[in-house]
Amino acid sequence: GKLLIADFLAGSETAKIKSLRMQRLSDFGLLKDRKKKEVVEILDAMLTCGLLEQREMNANRPTVFATDAATAIIEGSASIPAVVAILFTS
């Protein structure tokens, strides 16, 4: 879920990260200059803006997905909403 993604982006080598071998992925620690709390705030803003969506795939197991709006930003056909951009620059 969201907290696992936050740990991944913040570069936290938790037991879960290690068991899934996520520390081997190229984007691990991409936001290591940020505290986990800050990364969670960014993810929350992205959820609020509709860039991410959280769904219960299994009981008590929310899964985070990128939306079409996020894909448009990645592809360069849309801009990052100001509220998210501000969090990245602060």
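It should be emphasised that the depicted structure is a prediction, and the values quoted were computed from it without experimental measurement. Here, residue 1 is the first one in the sequence, and each next residue gets the next number.
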Query raised in the report: Do you know the tightest heavy-atom contact between Thr67 and Leu52?
Result: CG2-C, 3.8 Å
Query - Verdict with supporting geometry, Leu43 and Val64, side-chain contact (heavy atoms from CB on, under 4.5 Å) - result: CA-CA 10 Å; Leu43 294 173; Val64 177; over 6 Å; no
**Report entry** Closest contact, heavy atoms only, Ile80 versus Ala85
**Finding:** CG2-N, 3.8 Å
Query raised in the report: Atom OG1 in Thr63, atom CD in Gln54: separation rounded to 0.5 Å?
Result: 8.0 Å
**Report entry** Criterion side-chain contact (heavy atoms from CB on, under 4.5 Å) on Leu47 and Lys2, from CA distance to verdict
**Finding:** CA-CA 10 Å; Leu47 284 161; Lys2 179 177 68 175; 3.9 Å; yes
Query raised in the report: Do Met22 and Leu4 come within less than 4.5 Å of each other through their side chains, counting heavy atoms only?
Result: yes
Query raised in the report: From Leu3 CG over to Thr14 OG1, what is the distance, rounded to the nearest 0.5 angstrom?
Result: 10.5 Å
Query - Ser77 side chain to Ile73 backbone, donor-acceptor under 3.5 Å - result: no
Query raised in the report: In Å and rounded to the nearest 0.5 Å, what is the CE to CD distance from Met46 to Glu53?
Result: 13.0 Å
Requested in this report: Before giving the answer on side-chain contact (heavy atoms from CB on, under 4.5 Å), spell out for Lys35 and Val39 the whole-Å C-alpha distance, their side-chain angles and the decisive distance to 0.1 Å.
Outcome: CA-CA 7 Å; Lys35 293 181 179 173; Val39 177; over 6 Å; no
Query raised in the report: Under the 3.5 angstrom rule, does the side chain of Glu56 hit a backbone N or O of Asn60 as a donor-acceptor pair?
Result: yes
Report summary line: All heavy atoms of Val40 vs all of Ala6, minimum pair found to be CG2-CB, 3.6 Å
Query - Rounded distance (nearest 0.5 Å) linking atom NZ of Lys37 with atom CG of Asp44 - result: 11.5 Å
Query raised in the report: Looking only at heavy atoms, which two atoms of Pro81 and Cys49 are closest? And how far apart?
Result: CB-SG, 4.0 Å
Query - Heavy-atom pair of closest approach, residues Ile17 and Ser12 - result: CG1-O, 3.4 Å
Query - Nearest heavy atoms of Lys18 and Gln23, plus distance in Å - result: CA-OE1, 3.5 Å
Query raised in the report: With hydrophobic residues grouped by side-chain heavy-atom distances under 4.5 Å, do Val84 and Ile5 end up in a single group?
Result: yes
Report summary line: So CG of Leu25 and CG of Leu30: to nearest 0.5 Å the spacing works out to 12.0 Å
Query - Residues in side-chain hydrogen bond (donor to acceptor under 3.5 Å, both in side chains) contact with Lys36, at least two apart in sequence or another chain - result: Asp7
Report task. Write out all pairs satisfying ring pair (Phe, Tyr, Trp, His ring centres under 6.0 Å) with one or both partners inside residues 24-55, taking only residues at least two apart or from two chains. Result -> Phe8-Phe28
Report task. Check the surroundings of atom CG in Asp68: do more than 12 heavy atoms from other residues, nucleotides or ligands lie under 6.0 Å from it? Result -> no
